[in-house]
4 protein chains.
Amino acid sequence: MNMTNQVDQRSPRTQARIIQILDAATACFVEQGFHGTGMARIAERAGMSAGHIYHYFDSKDAIIAAIVERETSAHETKMREFHLLPCENLKHEMVARAEEGVRTNTDPFRSALSLEIVAEAKRNPDIAERLRRHDVIVRTEFARLLREKLQLDHAEGRVEVLFTLFDGLAIRMLRHPDLDQAGLTRFFRKAILAVLED
Amino acid sequence: MNMTNQVDQRSPRTQARIIQILDAATACFVEQGFHGTGMARIAERAGMSAGHIYHYFDSKDAIIAAIVERETSAHETKMREFHLLPCENLKHEMVARAEEGVRTNTDPFRSALSLEIVAEAKRNPDIAERLRRHDVIVRTEFARLLREKLQLDHAEGRVEVLFTLFDGLAIRMLRHPDLDQAGLTRFFRKAILAVLED
Amino acid sequence: MNMTNQVDQRSPRTQARIIQILDAATACFVEQGFHGTGMARIAERAGMSAGHIYHYFDSKDAIIAAIVERETSAHETKMREFHLLPCENLKHEMVARAEEGVRTNTDPFRSALSLEIVAEAKRNPDIAERLRRHDVIVRTEFARLLREKLQLDHAEGRVEVLFTLFDGLAIRMLRHPDLDQAGLTRFFRKAILAVLED
Amino acid sequence: MNMTNQVDQRSPRTQARIIQILDAATACFVEQGFHGTGMARIAERAGMSAGHIYHYFDSKDAIIAAIVERETSAHETKMREFHLLPCENLKHEMVARAEEGVRTNTDPFRSALSLEIVAEAKRNPDIAERLRRHDVIVRTEFARLLREKLQLDHAEGRVEVLFTLFDGLAIRMLRHPDLDQAGLTRFFRKAILAVLED
DNA sequence: GATGAATGAGTGTTCATTCAT
DNA sequence: CATGAATGAACACTCATTCAT
């Protein structure tokens, strides 16, 4: 069901190297953007030579593809947890999780990474395709949740608005880095509840 | 108070040239992104030589800065129109405008441009600063509107959520280009109304 | 009939630049081979920056392609001169020209260039194709000459051997740079005459 | 007198490894050229790791040097066989062997290898030197043969032309891969006989 | 004003070679 | 003996920017 959870055939050392590179690259991309980051800088931060990165990744593009894979994979796992929740009080549980989601998505690092991925998707069709495949999955599953567990009609439209809200946070943080999270969360909750209403 | 409304000292010809360049660059950036667009391409599209662009702009960065200026300026003007609306039925008028806003923000060209600017802000502090200055203005004015004309408390928090919704649309379009706009709009309206409720 | 003799649309300055680059590249390739020569060295020798070469040629490969074009073109012109010779004593004229050809093909620069092109053809299919197209032309024309003006049968086979002899000179020079040209020419003539005999 | 016939001090296993590497490298060089072949590819084809090749060869250059050594050595052995032939009918035997030589030298693999070596000699003085030392040997011996067994004067000049013919075949094959070998051979023979004539 | 020739620093990427294991 | 991780120098090529004309 989830190909990314396959047993990794690579040696522990190789896996560690890959994580080193991915972490270094993620940090660089967050700070300076994909195009603003040279392979040399990623290499330096990952503690290896630039040339050696090419033993693990075919190209710079392959690095961001792997980062996207890691992020979307984690996100899908998170989303899947909703299905395990009990039906009763699901709505309030969702609101609680949404509040946690606001905290996560307003984290400067996460929001910056999110934006960087989206920006790269704009000019890299492979990244765009990954993002869309991922979106289909979480969108469909989430709509099914609303339909089956909350007996809501027009689930797709509701999901679009909910996802729009969370997507918007990354840009919001960029425009207003010092926003009052408490004030935001208060009405975020109201908006979500309104979207989840009959 | 508004520097962008200063009488433009430049000759009409010069102004026309500048608009040519800005339009060409905007189109290029939307299609291929800021870093994917070379000065040569902008020049070609603007119908002049690459070198000549430097008579009007100091650098490539200055071009995107001018594009951002133009966009934020237009946006501020749009926002200011709300103050001219009659108090009665203001809420419904706002919802109506919001629906128009959804149409605008989901337009492929506008959403792409919006995203491109945001992406550039991530690595260009000058652009980020412009975006933030602009955000302060529209945020403050819009909050004042809610406070004074709709007698709403916690206006800042409400504004954050409203702006988050609109910002989110550009990303949403990227992730799900074929989304059903009608379904989205229906719950978008519900969310907005909830945020504007006492 | 000869596309390379079309009126050159390029400005004299551009033409001069192209010749500069071609001459510099030819010299470099002769001395250090195609793969042993960096763009920087060609640029230095041509008296311009490396980057600027790309205003005139799309790639390093395009440079060698142009060199091959220039060489084959000149060679075809040379070959075509045979058709203008009077029929009587044509055979002796050919032998005389052959002796001149030995001098040309044993010139260190020419033989080295010739070898470099052939070497490059081995791994660059585009170059190989150019060489083959050129060979078809000169081979066919030369065979026709033998057939029509010298009334020789099996003209193709004779041409192959004659061309083999001249092609061999470049390698011969590499293996024995100090060879006695007079001694060689003496028997070269005998071989040619034998091939041209009834 | 002949260093290549020294008793090989290396263990049979080592010798086998070296042959593996040499065969793999030869095949790679023929297919993709010396510069187009990476050590990784040679290693893969030889069935060992890239690093391990350096236990047997000091460098990539050393591999091609060894290939040249192997080729020239075999060629010298072949040439030496002429001395064992009876004097009578030697000329016709030589022509017969020449025809076999045409077949060998027009073999795609052999001609490609031959050209690759020559190309490498152009930029690697060590290879050039090996080729020249080898040429001195076979040239001298062959001239002695013509002088002593066929009573020919100007043996050196005759040898140059004969060798030029055989060297030319590799290039000829590149320029005209589909040439009619029978037609070529017919006049090849005539040329050789003419060169061997009093 | 307007051109486009020219620069040069910077890019991602390759690959022969080394060496710890 | 054998591996393959690791290096680093080299490479072709791009592009914003300048400037003589």
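Convention: sequence-line order gives letters A, B, ...; per-chain numbering from 1. Predicted model, so just to flag it, every value in this text is computed and none were measured.
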**Fill in**
pair_partner(F/dA9), Watson-Crick or wobble, both distances < 3.5 Å, evaluates to E/dT14

**Message:** When you measure from the side-chain N and O atoms of D/Y56 to the phosphate of F/dA2, is any distance below 4.0 Å, counting only OP1 and OP2?
**Reply:** yes

**Item:** Residue mapping more 5' on DNA chain E - nearest nucleotide basis, B/G47 or D/D58
**Value:** B/G47

**Prompt:** Nearest to the side chain of D/S59, which nucleotide is it out of E/dA6, F/dT14, E/dT17?
**Reply:** E/dT17

**Contact nearer the 5' end of DNA chain E, comparing A/G36 with D/G36** = A/G36

**Request:** Looking at every strand, decide which applies to A/T37 at a 4.0 Å heavy-atom threshold: base, sugar-phosphate, or nothing.
**Result:** sugar-phosphate

**Asked** Once you round it to whole Å, what is the distance between P of E/dT17 and CZ of D/F57?
**Response** 13 Å

**Request:** Measure from the side-chain heavy atoms of C/H52 and tell me the nearest of E/dA5, E/dT3, F/dC13.
**Result:** E/dA5

**Prompt:** In whole Å, what is the span from the CE atom of A/M39 to the P atom of F/dT7?
**Reply:** 13 Å

**Prompt:** Considering only side-chain heavy atoms of C/H55, which listed nucleotide, E/dT13, F/dT17, E/dA6, is closest?
**Reply:** E/dA6

**Message:** Nearest to the B/K60 side chain among F/dT17, E/dT17, E/dT14, which nucleotide is it?
**Reply:** F/dT17

**Item:** d(CD, A/Q15; C1', F/dA5) in whole Å
**Value:** 16 Å

**Message:** Under 4.0 Å from OP1 or OP2 of E/dT14: is there any side-chain N or O of A/Y54 that close?
**Reply:** no

**Request:** Taking only the side-chain nitrogens and oxygens of B/R17, find out if one of them lies under 4.0 Å from OP1 or OP2 of E/dA2.
**Result:** yes

**Request:** Would you kindly give the CG-to-P distance between C/D61 and F/dC11, to the nearest whole Å?
**Result:** 16 Å

**Message:** Return the pairing partner of F/dT21 with a 3.5 Å limit on both distances, Watson-Crick or G-U wobble; otherwise return none.
**Reply:** E/dA2

**Prompt:** How close or far is atom C1' of E/dT11 from atom CD1 of A/I53, stated in whole angstroms?
**Reply:** 14 Å

**Item:** CZ-CD distance between B/R13 and B/Q15, expressed to the nearest 0.5 angstrom
**Value:** 13.5 Å

**Asked** NA contact type, B/G38, heavy-atom cut-off 4.0 Å: base, sugar-phosphate, or nothing?
**Response** sugar-phosphate

**Item:** Interatomic distance where CD1 belongs to D/I21 and P belongs to F/dA2 [whole Å]
**Value:** 10 Å

**Fill in**
C/R13 has its side chain closest, among E/dA16, F/dT17, E/dA5, to E/dA5

**Item:** B/I18 CD1 to E/dA2 C1', straight-line distance once rounded to whole Å
**Value:** 15 Å

**Asked** In this structure, are over 12 heavy atoms from other groups packed under 6.0 Å from B/R41 atom CZ?
**Response** no

**Request:** Report the distance from atom CD of A/E129 to atom CG of A/N124, rounding to the nearest 0.5 Å.
**Result:** 11.0 Å

**Prompt:** F/dT3, E/dT13, F/dT7: which one has an atom nearest the side-chain heavy atoms of A/M48?
**Reply:** F/dT7

**Inter-residue atom distance A/I67.CD1 - A/T72.OG1, 0.5 Å rounding** = 11.5 Å

**Asked** D/S49 has a side chain; which of F/dA2, E/dT13, E/dA16 sits nearest to it?
**Response** F/dA2

**Prompt:** Does NZ or CZ of B/K122 come closer than 6.0 Å to the centre of the six-membered ring of A/F29, within 45° of the ring's axis?
**Reply:** no

**Fill in**
Separation of E/dT14 atom P from C/H35 atom NE2, nearest Å, is 15 Å

**Asked** Would C/R70 and C/D23 pass as an ion pair if we require N to O under 4.0 Å?
**Response** yes

